[in-house]
There are 2 protein chains.
Amino acid sequence: MPENIPDEGRTTPATLEDVARAAGVSLATASRSLNGSNRTVNETYRTRVLDAAARLNYSPNLSAQAVARGSTMTVALVVADISDPYFSSIAAGVVAEADRERMIVTMAASERDPQRELDIVRTLRGQRPKVIILAGSRREGDPTEAALRRELDDYERAGGRVVLISRNELGFRTVTIDNAPGAEALATSLVGLGYRGFAVLIGNRELKTAADRYEGFVAGLAQSGIRIDPDHVVRSAFTRDGGYDGMRQLVSRGLDDIDVVFAVNDVMAVGALSALRDAGLNPGVDVAIAGFDDIPTVQDVWPTLTTVRVPLVDVGRKALRIALADRPGDESPVATEVVVRDSTPPVR
Amino acid sequence: MPENIPDEGRTTPATLEDVARAAGVSLATASRSLNGSNRTVNETYRTRVLDAAARLNYSPNLSAQAVARGSTMTVALVVADISDPYFSSIAAGVVAEADRERMIVTMAASERDPQRELDIVRTLRGQRPKVIILAGSRREGDPTEAALRRELDDYERAGGRVVLISRNELGFRTVTIDNAPGAEALATSLVGLGYRGFAVLIGNRELKTAADRYEGFVAGLAQSGIRIDPDHVVRSAFTRDGGYDGMRQLVSRGLDDIDVVFAVNDVMAVGALSALRDAGLNPGVDVAIAGFDDIPTVQDVWPTLTTVRVPLVDVGRKALRIALADRPGDESPVATEVVVRDSTPPVR
DNA sequence: CTGTTAGCGCCTTCAC
DNA sequence: GTGAAGGCGCTAACAG
């Protein structure tokens, strides 16, 4: 193959063979000294190999190791959108835990498209990752779900571990989040604060996370005998702009019977805040707002946002731990917690 | 090796050999049909191989390919903090571009620790990535800098490509960002709005990005004959909490001669906003605030934040493109742009 | 155009 | 405890 890049000065990384030769031992001994199973090698040789390796700046070729061992040390993480604080926090947790385990994490973005997610999972197989973590974008009645399940089943049958984040739809290991209970508790808190007229920015209803939170919220209100006007439930994208648009719709329809709006996630709530303001209204005063997730920025908006805390980084860490556990083990849901802030002052 | 996980039902992924056999052709033909250089294979065989591959759900083992080819298709991205919107936006850009190029991206977090960054780069070598992208955490007078440069030099000599984001310190390909000019323009804008008493939350002064922005800002003020009181330059962490703390210091010292505070990045500015509010002051009214980066959330805080826009996602995309270009090519800086919002109303 | 045959870098029985 | 040799899955000359 004609290489137009000058090869002169091109260095080839030292191979294990180089190290072995430099240390005057066999390939096998070198291998055993550097990685090999529990010390079954003479200390003299051992240090000689280590020295040689250091001298040559040797770094084992992970691909070669993977081929020889028949398995990798990589965890593949697929999220909907990396720049969304929800996912980037989870990713931070996964990366932190992977670092502890000396594993490598690869990343892909589904862009909230189930078909894309499926394609990604398919191409992921080429990596032969030890773990696949899927965060977000599971939907109700998703036509690709069967195919995805099949793909993941095959993958597990081949020895891989899959972990889902949020809700156990597909029968794999899962980091479940107390979405419904959290939303229910939030509803209770809001009722306790005196709110009676509710609206919900439900985002994309097909998203299971969104649906769970909505249903939990409805259940919470029901306990106080409060029902939610169907006209006050608005769908829009599960994003900041979706929250903005949803709130705009509410405003244009009139906020008469509404004194608090629950957005099923914080980025939407924050968008809603801005929509209110842009409409000349005063969030927290003219109408209250609550979100879900407790992403970092909600403490810096004004009014600070009432929400339900989800320990996102922990969720990421836990995802990998669950994956690595010998048996399915602790799959107790991650607890959520209502955090009341300024966006929902007590009524009257 | 004793495997305590039951192997029964364990499926082994189809290998290229399986495909070849199923298609009744040789290994080479199968290889050529599925990946091989430009079509030099009989259409009949070709389709037969493709069929067999589909039937067996074949997926090439990337590690094996990497070993055989002597190179991978992975790009290693190391950032300071994945959950920081600055870095997660850049990461989103890198991942998006990598997807186009059918490359895999691996991710690591340096946690703003140069030593850790160096360690990461060292262990990265094992992956034999085609590209290494380093975002953030370069510091002035960093004792590990020489070692890092050496490591990266070795890596490039071995055929890898390194791309730095922000400032070209080490002589590698770089996505430079117009930090100083942007800050200078911001200063000019603020002076134009009538501001005269300036303070700066400089973050970690050793961070080159922070230093550049500060110096650009000072230069911009100098053009109007304005100097900045050294007591009004406060150091703190380059984070949201750093911004909060920095502003708190300013407040406790007294804001008498200060009518606008420039935080060298948006997360700090947003923290400063909250600190002001917590001190019972009214941001934008009692004292103005400006940041740098234009991260998404600054449009949702109140007052909306005046800042200098950096097209972060584009920066990430560009980083990979620059890496992949045959020659160093277009290294013109990414332009920044002042965006005036509500946090810096015209004076009087 | 196709098949045979060396490798790629490393691990791991298997004898010594 | 050590080394020789075969093999992991795939690619790339090299002959036919």
Side-chain angles (χ1 to χ4, degrees), chain A residues 1-3 11-49 52-53 56-73 125-129 158-159, chain B residues 1-3 10-49 52-53 56-73 125-130 158-159:
Chain A
M1 175 195 288
E3 186 60 279
T11 289
T12 301
T15 85
L16 185 58
E17 191 178 349
D18 297 334
V19 174
R21 195 175 318 127
V25 301
S26 74
L27 234 180
T29 302
S31 173
R32 288 191 271 250
S33 307
L34 292 171
N35 324 291
S37 35
N38 318 333
R39 50 181 53 277
T40 168
V41 50
N42 182 310
E43 197 53 30
T44 317
Y45 283 172
R46 198 182 148 68
T47 59
R48 241 204 283 168
V49 171
L56 296 177
N57 201 14
Y58 170 73
S59 170
N61 183 321
L62 297 186
S63 294
Q65 285 190 160
V67 174
R69 290 178 173 153
S71 74
T72 67
M73 281 297 269
R125 296 174 50 223
Q127 294 181 38
R128 305 287 189 271
Chain B
M1 176 193 289
E3 187 60 279
R10 191 70 155 278
T11 288
T12 302
T15 83
L16 185 59
E17 191 177 349
D18 298 334
V19 175
R21 196 177 317 127
V25 300
S26 75
L27 235 183
T29 302
S31 173
R32 289 191 272 252
S33 306
L34 292 171
N35 323 292
S37 37
N38 318 331
R39 51 180 55 276
T40 169
V41 51
N42 183 310
E43 198 52 31
T44 316
Y45 282 172
R46 200 183 147 67
T47 59
R48 242 204 282 167
V49 171
L56 296 177
N57 199 13
Y58 170 74
S59 171
N61 183 321
L62 297 186
S63 293
Q65 284 190 159
V67 174
R69 289 180 173 149
S71 74
T72 67
M73 282 296 270
R125 297 173 50 224
Q127 295 182 37
R128 305 286 188 273
K130 173 154 291 177

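Treat the numbers as computed from the prediction; the structure is a model and nothing was measured. Residue numbers begin at 1 in each chain, while the letters A, B, ... track the order of the sequences.
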Distance, rounded to the nearest Å, where [X] contributes [atom1] and [N] contributes [atom2]:
X      : N      : atom1 : atom2 : answer
A:R21  : C:dG9  : CZ    : C1'   : 13 Å
A:R32  : C:dC11 : CZ    : P     : 11 Å
A:Q127 : D:dG9  : CD    : C1'   : 16 Å
B:E43  : C:dT2  : CD    : C1'   : 15 Å
A:R128 : C:dC10 : CZ    : P     : 20 Å
A:L34  : C:dC10 : CG    : P     : 9 Å
A:L27  : C:dT12 : CG    : P     : 13 Å

OP1, OP2 of [N] versus side-chain N and O of [X]: anything below 4.0 Å?
X     : N      : answer
B:N35 : D:dC10 : no
B:S31 : D:dT11 : yes
B:T29 : C:dG3  : yes

Next item on the list: State which of D:dG3, C:dC10, C:dG3 makes the closest approach to the side chain of A:V25.
Entry: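 So the side chain of A:V25 is nearest to D:dG3.
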
Next item on the list: Consider the side chain of A:N42, meaning its heavy atoms from C-beta on, and name the nucleotide among D:dA12, D:dG1, D:dA4 that approaches it most closely.
Entry: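 For A:N42, the side-chain atoms sit closest to D:dG1.
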
Checklist line | Those residues of residues 63-71 of chain B lying under 4.0 Å from DNA chain D by at least one heavy atom | finding: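 Within this stretch, B:A64, B:Q65, B:V67, B:A68, B:R69 sit under 4.0 Å of the strand.
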
Next item on the list: For DNA chain D, find the residues of residues 12-20 of chain A with a heavy-atom distance under 4.0 Å and give them by number; none if there aren't any.
Entry: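 Heavy-atom contacts with DNA chain D come from no residue of residues 12-20 of chain A; none.
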
Next item on the list: Mind checking side-chain contact (heavy atoms from CB on, under 4.5 Å) for A:S31 and listing every partner two or more places apart, or none if nothing turns up?
Entry: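 So A:S31 forms a side-chain contact (heavy atoms from CB on, under 4.5 Å) with A:L16, A:N35.
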
Note to self: Which residues pass the side-chain contact (heavy atoms from CB on, under 4.5 Å) test with B:N42, not counting sequence neighbours?
What the structure shows: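 B:N42 satisfies side-chain contact (heavy atoms from CB on, under 4.5 Å) with B:T44, B:Y45 once adjacent residues are dropped.
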
Checklist line | Side chain A:S59, main chain B:G126, donor-acceptor under 3.5 Å | finding: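 Yes.
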
Next item on the list: Verify, without hydrogens or angle tests, whether B:R128 (side chain) and B:S71 (backbone) share a donor-acceptor contact under 3.5 angstrom.
Entry: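 A pair under 3.5 Å: no.
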
For a quick test of reading the model, state the closest non-hydrogen atom pair linking [X] to [Y] and the distance between them.
X     : Y      : result
B:V19 : B:L34  : CG1-CD1, 4.4 Å
B:D18 : B:P13  : OD2-O, 4.3 Å
B:N57 : A:R125 : O-NH2, 2.7 Å
B:T72 : B:Q127 : CG2-O, 3.6 Å
B:G24 : B:R48  : O-NH1, 4.1 Å
A:R46 : A:S33  : NH1-O, 3.2 Å

Notebook entry, point to check: Can you tell me how far CG of B:L62 sits from CZ of B:R69, rounded to the nearest 0.5 angstrom?
Noted result: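 Here the rounded value is 8.5 Å.
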
Checklist line | B:Y45 vs A:N61, nearer the 5' end of DNA chain C by closest nucleotide | finding: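 Taking each residue's closest nucleotide, the earlier one in sequence belongs to B:Y45.
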
Next item on the list: Please name all residues satisfying side chain to side chain donor-acceptor pair (under 3.5 Å) with A:T29, sequence neighbours left out, ordered by chain then number.
Entry: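 With neighbours one apart ignored, the set is A:S26.
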
Item checked: Divergence of helical axes at both termini of the helix from C:dC1-D:dG16 to C:dC16-D:dG1 - five pairs an end, 10° steps ->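 Between the first-five-pair axis and the last-five-pair axis there is 40°.
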
